[in-house]
Amino acid sequence: RAVEFKALLEIKQSSKLCVRYRDAAQRRLRAPWGVGPVLYGSVQEWVCQERKGWRKAANFELLRAEAPAGRRFIFVGDNGASEKDL
């Protein structure tokens, strides 16, 4: 999602997506789980698709740098196509 459209497309903790992930975890895992911080790309990645993988890698490094030691990540809905050259 492009940061330029965040006002229209923002993924908030109150969105259906976040609520459903959190509810599913509570029912099945009985543990706190859900959608963490959402980092956005730019319209530039929509126009220049070859930049998308680099943006994802840079955003993931930001997440890892701020995460507690031992934090594990799961990527949902990502086919990895943009990362083939990384």
Side-chain angles (χ1 to χ4, degrees):
R1 295 178 185 237
V3 71
E4 294 87 349
F5 302 127
K6 188 175 178 180
L8 301 171
L9 302 174
E10 182 177 11
I11 299 174
K12 300 176 183 176
Q13 290 299 316
S14 59
S15 73
K16 287 182 183 180
L17 172 77
C18 294
V19 169
R20 287 183 179 167
Y21 279 133
R22 194 168 41 250
D23 289 349
Q26 289 298 322
R27 283 192 312 273
R28 296 179 187 264
L29 306 173
R30 306 208 191 296
W33 192 86
V35 176
V38 177
L39 301 179
Y40 294 87
S42 170
V43 169
Q44 292 177 353
E45 284 88 44
W46 287 11
V47 175
C48 302
Q49 290 288 309
E50 66 274 4
R51 293 182 178 197
K52 193 177 285 189
W54 294 106
R55 170 70 76 169
K56 288 181 182 183
N59 280 349
F60 181 61
E61 287 303 319
L62 290 172
L63 286 174
R64 281 186 27 180
E66 295 181 15
R71 168 73 48 93
R72 294 169 46 187
F73 295 88
I74 298 173
F75 293 91
V76 177
D78 190 328
N79 66 8
S82 297
E83 295 83 5
K84 64 181 178 242
D85 297 327
L86 295 179

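These numbers were taken from a predicted model, which means no experiment stands behind them.
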Distance, nearest 0.5 Å, that separates [atom1] of [X] from [atom2] of [Y]:
{"X": "L63", "Y": "R71", "atom1": "CG", "atom2": "CZ", "result": "9.5 Å"}
{"X": "E50", "Y": "R55", "atom1": "CD", "atom2": "CZ", "result": "13.5 Å"}
{"X": "W54", "Y": "C48", "atom1": "CH2", "atom2": "SG", "result": "15.0 Å"}

Residue pair [X] / [Y]: nearest heavy atoms and the distance that separates them:
{"X": "S42", "Y": "A2", "result": "C-CB, 3.8 Å"}
{"X": "Y40", "Y": "I11", "result": "OH-N, 2.9 Å"}
{"X": "V43", "Y": "F5", "result": "CG2-CE1, 3.7 Å"}

Ion pair check, E45 and R51, cut-off under 4.0 Å: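 R51 and E45: not salt-bridged.
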Report whether L9 and V19 are members of the same hydrophobic cluster (ILVMFWY, side-chain heavy atoms less than 4.5 Å apart, transitive linking).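 In one cluster: no.
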When you measure from the side chain of R22 to the backbone of Q13, do you find a donor-acceptor pair of N or O atoms at a distance under 3.5 Å?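 Indeed, once roles are kept as given, a pair shorter than 3.5 Å links the two residues.
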Derivation and outcome, side-chain contact (heavy atoms from CB on, under 4.5 Å), residues R64 and F73: CA-CA 9 Å; R64 281 186 27 180; F73 295 88; 4.0 Å; yes
